[in-house]
Every structure is written in structure tokens, then in C-alpha cells.
K.L.:
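Quick one: structure below, then a few questions.
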Amino acid sequence: MQSYYVWVDIQKGVHDIAFSDALHKFLGYLKETGDIAEYRIQRRSLGFGPSELGEWAVVIDVMDLVQLDQVFNHAAARAGELETLHAEVFSRIRSMRTALYRDFPDPVRVR
């Protein structure tokens with residue numbers, strides 16, 4: 001399993017529930033179409049955490065790098081329902097940071 005982490009801050013004046021709803025619709029669509037395995041949306045609690053990471057954390061799980069590449073290509077087409085959902089999310093984001101992690105040890109690791 002590969003986990004794509006996204007940390008964001010939303011634009012000033014954007015309602016938190018509107019952002020969360022848009023993000024759930026976008027990621028829910030990707031899950032329904034099989035583009036991703038799972039996702040989680042989290043918000044910083046009580047101000048704990050490094051400010052440079054952003055107030056919101058999103059974890060998107062994919063089975064492997066092939067699936068991650070496919071979802072990026074699907075989104076990069078910038079067309080259809082996915083683009084509409086994508087625009088609803090990214091028009092609300094002020095800043096974003098990303099990282100990629102994998103389960104360890106992964107199944108291919110020789111011991």
C-alpha cells in the first residue's frame with residue numbers, strides 16, 4: 001500500500017464544511033471508480049502540529065505506484081465529472097504540501 005499525504009490550508013473566507021464536503025465528493029468519486037483504495041480527511045486539533053504542514057491532512061491510499069500514476073493521469077485529463085469535482089476542491093486551497101509513504105516492510109522486501 002502506498003499512502004499519498006496532502007497537507008493544505010484553505011483560502012480565507014472558505015467555509016470549512018464546504019471545503020470538507022467538496023473534498024469528500026472528489027475523493028469519494030475516485031474511490032467509487034476504483035482509482036484509489038481509501039482516503040481519510042483530518043483537521044488539526046487544538047492547534048497542535050507544525051504550521052508549515054497546513055491545518056488539513058488528507059491521506060489517499062493506493063495499492064501501488066501504478067494505481068497512483070493512473071489516478072494522476074485521470075485527474076490530468078482535466079475533463080468530465082472528475083474535473084468539476086477537482087475544481088471545487090482546488091479553488092478553495094491556499095497552500096499545499098505533499099509526501100508519499102509506503103507500508104514497511106513491503107511485500108517485495110527481501111529479509
Side-chain angles (χ1 to χ4, degrees):
M1 184 72 61
Q2 300 278 330
S3 296
Y4 182 62
Y5 286 76
V6 183
W7 296 276
V8 301
D9 282 312
I10 58 176
Q11 303 265 356
K12 300 274 189 238
V14 170
H15 192 268
D16 56 357
I17 296 297
F19 173 70
S20 175
D21 286 349
L23 193 50
H24 275 291
K25 286 177 186 174
F26 174 61
L27 295 173
Y29 178 88
L30 291 173
K31 185 176 178 187
E32 286 176 23
T33 60
D35 285 319
I36 64 173
E38 192 57 67
Y39 72 90
R40 289 175 301 292
I41 300 170
Q42 300 176 317
R43 190 173 186 183
R44 182 181 296 143
S45 294
L46 303 172
F48 290 119
S51 61
E52 62 273 8
L53 286 183
E55 183 177 353
W56 297 82
V58 181
V59 183
I60 301 168
D61 292 327
V62 293
M63 298 308 294
D64 52 30
L65 293 176
V66 171
Q67 188 178 30
L68 183 63
D69 191 49
Q70 288 171 343
V71 73
F72 278 137
N73 287 335
H74 190 178
R78 308 288 303 255
E81 176 74 11
L82 185 59
E83 176 56 19
T84 301
L85 296 170
H86 182 266
E88 285 296 315
V89 171
F90 285 91
S91 66
R92 293 176 163 96
I93 291 176
R94 178 169 50 96
S95 64
M96 183 172 93
R97 300 228 184 324
T98 60
L100 184 64
Y101 288 80
R102 71 183 192 279
D103 291 340
F104 191 87
D106 40 10
V108 298
R109 179 65 185 255
V110 177
R111 291 182 176 230

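The first residue in the sequence is number 1, and the count goes up from there.
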K.L.:
According to side-chain hydrogen bond (donor to acceptor under 3.5 Å, both in side chains), who are the partners of Gln70, at least two apart in sequence or on a separate chain?
P.N.:
none
K.L.:
What closest approach, in Å, do Val8 and Val6 show between heavy atoms, and which atom pair accounts for it?
P.N.:
CG1-CG1, 3.7 Å
K.L.:
Excluding sequence neighbours, so at least two apart, what forms ring-ring contact (aromatic ring centres under 6.0 Å, His included) with His74?
P.N.:
none
K.L.:
How close do Trp7 and Thr98 get, heavy atom to heavy atom, and via which atoms?
P.N.:
CZ3-C, 4.0 Å
K.L.:
Does any part of the side chain of Ile41, heavy atoms only, come nearer than 4.5 Å to the side chain of Trp56, both counted from C-beta?
P.N.:
yes
K.L.:
List the atom pairs, with distances to 0.1 Å, where a side-chain N or O of residues 100-111 and a protein N or O form a donor-acceptor pair under 3.5 Å, not counting sequence neighbours.
P.N.:
{"from": "Arg102", "atom 1": "NE", "to": "Asp106", "atom 2": "OD2", "distance (Å)": "2.8"}

K.L.:
Whether the side chain of Gln11 engages the backbone of Ile93 through a donor-acceptor N/O pair (distance < 3.5 Å, no angle test) should be reported.
P.N.:
yes
K.L.:
Could you list the cluster mates of Phe48? Members are the ILVMFWY residues connected by side-chain heavy atoms closer than 4.5 Å, either directly or through other members.
P.N.:
Leu46
K.L.:
Name all residues meeting the side-chain contact (heavy atoms from CB on, under 4.5 Å) criterion together with Ser95; count only those two or more places apart in sequence or in a different chain, and write none if there are none.
P.N.:
Asp9
K.L.:
Could you work out, with side-chain contact (heavy atoms from CB on, under 4.5 Å) as the rule, every residue matching Glu32, not counting sequence neighbours?
P.N.:
none
K.L.:
Just do the side-chain contact (heavy atoms from CB on, under 4.5 Å) check on Phe90 and Met96 with the steps written out, would you?
P.N.:
CA-CA 10 Å; Phe90 285 91; Met96 183 172 93; 3.6 Å; yes
K.L.:
With sequence neighbours left out, write down each residue that passes salt bridge (charged side-chain N to carboxylate O under 4.0 Å, His left out) with Glu81, or none if nothing qualifies.
P.N.:
none
K.L.:
According to a hydrophobic-cluster definition based on side-chain heavy atoms being under 4.5 Å apart (Ile, Leu, Val, Met, Phe, Trp, Tyr only), do Ile36 and Leu65 belong together?
P.N.:
yes
K.L.:
The criterion is side-chain hydrogen bond (donor to acceptor under 3.5 Å, both in side chains); which residues satisfy it with Glu83, sequence neighbours excluded?
P.N.:
Arg78
K.L.:
Just list the side-chain donor-acceptor pairs under 3.5 Å for residues 13-31, sequence neighbours left out, or say none.
P.N.:
{"from": "His15", "atom 1": "ND1", "to": "Ile17", "atom 2": "N", "distance (Å)": "3.2"}
{"from": "Asp16", "atom 1": "OD2", "to": "Arg43", "atom 2": "NH1", "distance (Å)": "2.7"}
{"from": "His24", "atom 1": "ND1", "to": "Tyr39", "atom 2": "OH", "distance (Å)": "3.0"}
{"from": "Lys31", "atom 1": "NZ", "to": "Glu38", "atom 2": "OE1", "distance (Å)": "2.8"}
{"from": "Lys31", "atom 1": "NZ", "to": "Glu38", "atom 2": "OE2", "distance (Å)": "3.3"}

K.L.:
In terms of hydrophobic clusters joined by side-chain contacts under 4.5 Å, are Val58 and Phe72 together?
P.N.:
yes
K.L.:
Under the salt bridge (Lys or Arg N to Asp or Glu O under 4.0 Å) rule, what pairs show up with a residue in residues 61-72, not counting sequence neighbours?
P.N.:
Arg40-Asp61
K.L.:
Please enumerate all residues that pass side-chain contact (heavy atoms from CB on, under 4.5 Å) together with Met63, with sequence neighbours excluded.
P.N.:
Met1, Ala37, Gln67
